[in-house]
Every structure is written in C-alpha cells, then in structure tokens.
Amino acid sequence: MEEENELALPAKENFSEWYNDILVKAEIMDVRYPVKGLYVWNPFGFSIRKKTYSIIRELLDRDHEETLFPLLIPENEFMKETKHIKGFEEEVYWVTHGGTSPLEVNLALRPTSETAIYPIYKLWVRSHADLPIKYYQIVNTFRYETKHTRPLIRLREITSFKEAHTVHETWEDAAAQVDEAIDRYHEFYERLCLPVLTSKRPEWDKFPGADYTIAVDALMPDGRTLQVGTAHHLGNNFAKTFDIEYEDPNGEQVYAYQSCYGISERCIAAMISVHGDDKGLILPPEIAPVQVIIIPIIFKNKDKESILDACKNVKGSLESAGVKTKIDTSDRRPGAKYYRWEMKGVPLRIEIGPKDLKNESVMMVRRDTGDKEQIAMDEINDTVASKFESIKSNLYEKAKAELENNIIECDSLDEIENKIVKGILKIPWCGQEECNDELEENIGAGILGIPVNQENSSSSPCPVCGGEANTKIYVSRTY
Ligand SMILES: Nc1ncnc2c1ncn2[C@@H]1O[C@H](COS(=O)(=O)NC(=O)[C@@H](N)CS)[C@@H](O)[C@H]1O
Ligand SMILES: [Zn+2]
C-alpha cells in the first residue's frame, strides 16, 4: 500500500496542489532546477512535448517553412521599435560580457524574435514575387517574468516557443493570415481534445507593436482562463521600423504588412489540467507516450510462461498497427501497476490472467471512463482503434460541456454571488477602459476580449457605468 500512498495526488479540486504534484508524480517536469522560472523536462514529459509539437509542425508544414534564427539580439536592433520595447523592456535578459571582457554591444536573449528576424526579412524581401513569406521556428525564449512563475504556465525560459512570422503585400492579406492562424490553432487544440475561447484582446492588452491581437484561451479547472495562443496583425509598423519594403507590380516601393502568432508549452499545461482527474493524467491517445499498457496477472507463477507469451503476442500485434505498447513485467502487485500507469494517463490497459488464456480473451480497461470489457484476442487491434476514437471524442465533449457550462451570459453584476468570477462572464460593454478597471477592482476579473466569429451585439447597457453598450465581451480571472 505504501506505493499508492506515496503516489496519491491531492484531489483535483485543490487544483494548484494537484497541478504541482502531478507534474512530479507523472514524471513530466523536475522543478528543482536552481534558477527561478526554469524547469527540467523528464523523458516522459519530453515525449508528450515531442508528440504535441509534431502535431503543430504537421499543421504548419502544410503551407509554412520552418527556420531557425539566433538567440542573441543586438541592442541596437532590439531597441528600434518603440512600442515593442515599451512592452518588453522590463522582461528582457541581457548578455553584457564575453568571458571577462565587456561586449561592445549588449545582446538581448530573445523574449520573442521580431527584432532578430525582421532585419533579415529586410534582406529577403525585394519584390512582391517574394511574398507571402510564411516561416516559423520552435525555440526557447526568455522573459524575466516578475509575476509568480509556474512550470509550463509562466516561465522565465519558455522552452517550447513556436513563433510564426509572415510577410504580405497588403493589410488585408495579413488580416486573412491572422484568421488562418487562429483556424490552425483551433485544429491543433481539437487534436488535444481541448475546446478554446477565441476573442480579440482589448487595445490595452494587445501585443506591443501590433494593430490588434486575437487570442485563444482555455478554461482551467480553477475557473481561471489561460491564454494558450495568440495571433497578431502587425500592420506595417515593424516593416517601417525595419525597412521591409517590396517593389509592387508598378515598380513602386511599398512597406510590407506582417502577422506573427505564437504558442508555448502552455498548450501542454492546459491539456494536463483539463483532462486529468484525481488519479492522474488522462492523455488523448494521439499524444500518449504509452498508448496501451499490458499487465500480466500471475498468481504463484501459475501459467507464468504462457501468460507472458500471450502478453508478447498482443504487444507485437498492436505494435505492428503502430500502437505504442508496453508490458509491465515489474514485480509490483497488479493494483500498484494499475495505479502507476493511471497516473501517467495511459489511455488503455489490457489485463491478461489465467482465465483469459482459457477464454482466448483479455480484459480491456479505459483510463477516461474506467469501463472494463472482455475482448476476444483476435479483436484486440480493431477494438483498440475504435476505443481510441471514443476516448478522444469523450475527452473533447466533456471539456466542451465544462467550458460552455462556465460561460455565464448576464446583463448585471448582482448575479455574481460574493463577487467571485469562476469561469467566464459574457456581459455588455460600453467600450471604455475605465469600466474594465472597475471590474478588476470590484470582482477581480477583467476584460478577456471581444468574442469573434459570433453575433455579440447588445441592447442592454454596460453593467458597470450604465452607458450604451454596442458589444458583449468575455470577462474572466486569468493566469
Ligand atoms: N512567460 C510565459 N511562459 C509560458 N508561456 C508564455 C509566457 N509568455 C507568453 N506565453 C505564451 O506565448 C504565447 C505567445 O506570446 S505573445 O507574447 O503573446 N506573442 C508573441 O510573442 C508573438 N511574437 C507571437 S510569435 C502567448 O499566447 C502565451 O500563450
Ligand atoms: Zn461602461
């Protein structure tokens, strides 16, 4: 029993403790690295990252190309775009020495790579024939976050920063690219069985130097939203600063228009948090490092060899169908084995004992619902494939219901009991920033954004100032 006690997680409703504990017990992250905001990927966690980012690459490689730019940005380039600096000057790490000698020019560790990439885009963009450019990179970036750092959620080294940077002939083309980026993000999050909210950030919360920002947010179990992706229309602001011009068909020099869009390892934080339960991770089959765990059930060595042979046959047949399968031959009791692999979120468990040999069948157990089912040996491969499908849709539908049940549309704030917002409010808004400040003041939740791709006009007045409201907005507490 010591195994299970030592492994026991706090209940998920004390989400903060549950989250910290699961990262360690499911062997995702080692949080003991001696620099604040920097963490170590355990091999199991790294395998989840690898599969998750192979999906991002698959989706982007349809019409983007992957590149790699240097980590260090010379101060003169970094300091060029004033609004961008304003937004990042408190967050940038600087390299000032090479060995013992001070550098001529200080070098910034990229917090994001606009000022590394755009001086080179200036060299690459000559004519409209060179456009559009759609490149991305997946790198580590550094932000001296002063708020509470958390593994996968708020890092000082963002180890898995996917940033795409595109260049277009017209403002409209760049706007279309922002929409396409958000569509791609929706596709990506569907593959992680995660529903997201899409909204246009208010002016004061857009990316520094952007015309506007569209963000996707996930609802975390503690009722706060986590920004899990953003796409920015950069207008020609950076093109003017970095002189990215192209010759249009009439021979005129024109400043280009740009977009950029980023996702970090927060996508993994959201997937772990939304799908997990009191027993540990529940991983969508597509990204599970172990998709099926086979547990031999052996009592006092009875039929030991034939049971192990049966396990090996099942493993071989599943692996030939591309299913990542393991047999747990450790000397732990079956119950302790179940516990460990449930903690790691393995989508399906197969138990093979003496009676299964006799019946030529196995016991198959789903991690998401706990359902157990006797399956004939010769139907295992097909059954595993169809159960993966139903696990995927079950995870998505459950998360979607959870999100929808936590969006409260209302016209007044009195309905918010004891003024704590758990989830998302959808309320009318007059458009004034002051009302946002009051909301933050009174209910500790601010404007997340204006819903996009949905009807959201409002006939009711702004619940904060009573003024005329022409739109509805999402309000939530955020990470
Ligand atoms: N400190 C952080 N730790 C983890 N993820 C972060 C952190 N800061 C931002 N992110 C994630 O990174 C995404 C992109 O960051 S961003 O600032 O919004 N956008 C950019 O940097 C653009 N240059 C996109 S290419 C955000 O949507 C957020 O999900
Ligand atoms: Zn108002």
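No hydrogens, no waters, no symmetry mates; every other heavy atom, side chains included, goes into these values. Both ligands and their constituent atoms are indexed starting at 1 by order of listing.
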Check for me whether Leu226 has a heavy atom closer than 4.0 Å to any atom of ligand 1.
no

Quick test of your reading of the structure: of Arg143, Arg201, Glu145, whose heavy atom lies closest to atom 1 (N) of ligand 1?
Glu145

Selected option - heavy-atom contact closest to atom 6 (C) of ligand 1, from Arg266, Arg156, Gln227
Arg266

Using 4.0 Å as the upper bound for N to carboxylate O, is an ion pair formed by [Y] and [X]?
X	Y	answer
Asp277	Arg367	yes
Lys472	Asp411	yes
Glu66	Arg57	yes

Flag Thr230 as yes when one of its N or O atoms lies below 3.5 Å from any N or O atom of ligand 1, and as no otherwise.
yes

Please lay out, stage by stage, how Gln227 and Thr225 fare under the test side-chain hydrogen bond (donor to acceptor under 3.5 Å, both in side chains).
CA-CA 7 Å; Gln227 178 180 283; Thr225 54; over 6 Å; no

Tell me which protein heavy atom sits closest to [atom], plus the residue, atom name and distance to 0.1 Å.
atom	answer
atom 24 (C) of ligand 1	Gly262 N, 3.4 Å
atom 7 (C) of ligand 1	Ile158 CD1, 3.5 Å
atom 12 (O) of ligand 1	Phe161 CE1, 3.6 Å
atom 3 (N) of ligand 1	Leu155 N, 3.0 Å
atom 19 (N) of ligand 1	His232 NE2, 3.0 Å
atom 5 (N) of ligand 1	Ser264 OG, 2.8 Å
atom 4 (C) of ligand 1	Ile153 O, 3.3 Å

I'd like to know whether Lys80 forms a side chain to side chain contact (heavy atoms under 4.5 Å, CB included) with Phe242, so could you lay out the CA-CA distance, the side-chain angles of the two residues, the decisive distance to 0.1 Å, and finally the verdict.
CA-CA 8 Å; Lys80 265 185 184 164; Phe242 290 94; 3.8 Å; yes

List every atom of ligand 1 that sits less than 4.0 Å from any heavy atom of Gly229, numbering the atoms from 1 in the order shown and giving each element.
27 (O), 29 (O)

Distance alone, cut at 3.5 Å: any donor-acceptor contact between the side chains of His233 and Ser259?
no

So for Glu114 against ligand 1, with non-hydrogen atoms under 4.0 Å, the contacting part is side chain

I need the contact type for Phe207 against ligand 1. Using non-hydrogen atoms and a strict under-4.0 Å cut-off, is it side chain, backbone, both or neither?
side chain

Working for side-chain hydrogen bond (donor to acceptor under 3.5 Å, both in side chains), residues Glu265 and Thr159:
CA-CA 7 Å; Glu265 48 259 60; Thr159 66; 2.6 Å; yes

May I have the step-by-step check of ring pair (Phe, Tyr, Trp, His ring centres under 6.0 Å) for Phe238 and His84, ending in yes or no?
CA-CA 9 Å; Phe238 283 85; His84 188 69; 5.3 Å; yes

Between Trp124 and Phe69, is the gap from one ring center to the other below 6.0 Å?
yes

